[in-house]
Amino acid sequence: MNLHWHRRDLRVEDNRALSSGDPVVPVFVFDREVLGHAAPPRVSYMLSALESLRESYRKRGGDLLVAHGDPREELPRIAAELGAERVVWNRDYSGLAKRRDAEVRDALDEDGIVCQSFHDSLLHTPGSITTNQGDYYSVFTYFWKKWRDRGKGESFGAPGKVVDVGEMEVAELTDVESGDLPTLADLGFEEPVAEIPPAGAETARELLAAFCDGDVYSYDEKRDYPAQECTSRLSPHLKFGTIGIREVWETTEQAKNDAQTEADADSVDGFQRQLAWRDFYAHVLDNRPDVVVENYKDYQYDIAWRDDPEGVQAWKDGETGYPIVDAGMRQLREEAWVHNRVRMIVATFLTKDLLVDWREGYDWYRQKLADHDTANDNGGWQWAASTGTDAQPYFRIFNPMTQGERFDSDAEYIKRFVPELQDVPSKKIHEWNDLDEAERTDLAPDYPAPIVDHSERREDAISMFENAKG
DNA sequence: TATATATTTGA
DNA sequence: CAAATATAT
């Protein structure tokens with residue numbers, strides 16, 4: 001019997017470490033150190049995913065064991081008490097997780113308990129896609145070409161027999177509960193402000209099926225328009241592994257086969273390309289674990305980021321006077337999720353208009369996003385900040401007014417999140433920074449004037465990077 | 001996965 | 001003269 005340690009693979013199907021066919025007892029450990037880096041939206045989402053996972057095990061005649069504490073101590077102890085043959089888990093590639101897993105492995109080794117870890121969460125594992133010289137790629141496009149042309153593994157099926165610990169003849173388990181999950185409050189978190197979307201494998205499959213049955217075919221055409229709501233919404237599921245990545249791949253491949261036109265098939269490619277970004281940033285983080293605190297790209301001199309607590313607060317509150325930015329920041333608060341185009345817009349606003357260090361924005365995402373993922377968010381922030389892969393400062397300054405006009409021309413998305421602008425014609429919304437004070441007050445007395453002058457800040461940003469280049 | 005500006009095109 | 005396109009940053 002294997003003790004399966006669940007971490008970011010909160011599902012039973014298409015789960016590599018669970019697929020050996022061996023009888024299994026599953027366990028989840030609430031790790032204080034990991035929770036110390038977490039935040040309410042994400043933990044709330046995770047608890048709901050765990051409930052769903054527990055339900056899957058109960059349907060299979062077992063239950064999910066729940067422990068609290070340090071996995072380096074809990075896993076050897078539980079494995080010993082159960083008399084498990086092996087402890088198995090699926091790999092996590094962030095620096096912290098790699099260190100912890102190595103320590104868990106050492107602790108198990110010391111107790112003479114066999115353990116085994118598996119690649120599971122990505123289509124292509126970190127380090128498997130490299131340049132012909134064997135180096136990690138630092139430019140996505142080349143990575144993408146190799147990624148696309150490489151065969152993908154098949155999905156794994158259901159787990160072997162789930163053992164009901166209650167019916168085992170084992171000495172009493174110490175401090176381990178059968179399926180009793182803590183509440184957010186038990187874990188010391190406030191209720192999140194945001195409305196957290198439903199979690200769990202069933203929801204994930206429904207989302208994937210619905211997406212592949214329709215929106216995936218217009219993904220290429222519509223994905224940049226936040227009001228369209230045509231994206232998959234799978235991000236928190238991929239973060240917590242409530243769906244297997246191979247199953248996602250196969251379902252999209254099927255959609256590509258079913259496509260009626262070439263354009264429809266190309267649109268599916270466009271979505272799959274986003275899955276490649278996920279693998280790409282996992283490669284980047286695996287190669288350079290320091291990117292969580294350091295710039296990926298070396299500049300000769302320090303970038304002279306500004307200290308602007310008031311600006312940062314206005315950004316967090318969605319009170320910058322740039323409508324598309326404010327809409328995005330308010331969506332973040334309300335839904336713990338933001339449309340990706342808007343994530344890029346608000347990130348370039350913080351870094352190129354407020355000239356504030358990307359780390360501040362990354363920290364805020366980490367606190368507020370249900371789908372926060374170290375590799376993806378860090379990659380995204382550093383890309384926006386021109387400190388990451390494929391850094392091209394001049395190419396990465398968005399004009400927040402133009403972006404709003406181009407991607408939300410009817411201001412439908414903006415008005416959804418910024419009610420002060422409800423009755424303002426979209427044309428005026430997209431000219432907000434050019435209107436005079438009297439007209440702004442007349443149109444929307446409660447909505448702020450732009451807190452910075454974009455064209456001025458654009459010049460400042462360019463010289464900030466010129467200076468850093470040396 | 002951009003923007004501003006110069007230049008060309010075409011209604 | 002507005003819109004499309006090329007080019008520099």
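Below, all heavy atoms of this structure are taken into account, side chains as well, without hydrogens, waters or symmetry copies. Naming convention: chains lettered A, B, ... in sequence-line order (proteins, then strands); numbering from 1 in each chain.
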Which donor-acceptor pairs under 3.5 Å do side chains of residues 264-275 of chain A form with protein atoms, sequence neighbours excluded?
from, atom 1, to, atom 2, distance (Å)
D264(A), OD1, T261(A), OG1, 3.4
S267(A), OG, V216(A), O, 2.6
S267(A), OG, Y217(A), O, 3.3
S267(A), OG, Y219(A), N, 3.0
S267(A), OG, D220(A), N, 3.0
D269(A), OD1, K256(A), NZ, 2.8
Q272(A), OE1, K256(A), NZ, 2.9
Q272(A), NE2, T252(A), OG1, 2.9
Q272(A), NE2, E253(A), OE2, 2.9

Separation of [X] atom [atom1] from [N] atom [atom2], in whole Å?
X	N	atom1	atom2	answer
M344(A)	dT3(B)	CE	P	10 Å
F271(A)	dT1(B)	CZ	P	19 Å
I462(A)	dT5(B)	CD1	P	10 Å
R396(A)	dT9(C)	CZ	P	19 Å
D220(A)	dT1(B)	CG	C1'	12 Å
Y225(A)	dT1(B)	OH	C1'	13 Å
W277(A)	dT1(B)	CH2	P	9 Å
E405(A)	dT3(B)	CD	C1'	14 Å

*If pairs are Watson-Crick or G-U with both distances under 3.5 Å, what is the dot-bracket string of DNA chain B, marking crossing pairs with [ ] and pairs to another strand with |?*
.|||||||||.
*asked:* Taking the minimum atom-to-atom distance to the side chain of Q403(A), which one of dA4(B), dA2(B), dT1(B) wins?
replied: dA2(B)
*Which listed nucleotide (dA4(B), dA2(B), dT1(B)) is nearest to the side chain of R273(A)?*
dT1(B)
[X] side chain near [N] phosphate (N/O to OP1/OP2, under 4.0 Å):
X	N	answer
R458(A)	dT5(B)	no
Q274(A)	dT1(B)	no
N340(A)	dT1(B)	no

*asked:* So that I can tick it off, tell me whether E334(A) and R330(A) are bridged by a salt bridge, with the cut-off set at under 4.0 angstrom between side-chain N and carboxylate O.
replied: no
*Cut-off 3.5 Å, side chains only: do K146(A) and H124(A) have a donor facing an acceptor?*
no
_Short side-chain donor-acceptor distance under 3.5 Å, D390(A) and W383(A)_ = no
*Should the heavy atoms of other residues, nucleotides or ligands under 6.0 Å from CD of E195(A) be counted, would the total exceed 12?*
no
*Tell me whether the guanidinium CZ or amine NZ of R148(A) lies under 6.0 angstrom from the six-membered ring centre of W144(A) and within 45° of its axis.*
yes
*What residues form a salt bridge (Lys or Arg N to Asp or Glu O under 4.0 Å) with E439(A), not counting sequence neighbours?*
K428(A)
_Under 4.0 Å, heavy atoms only, any strand: does R406(A) hit a base, just the sugar-phosphate, or nothing?_
sugar-phosphate
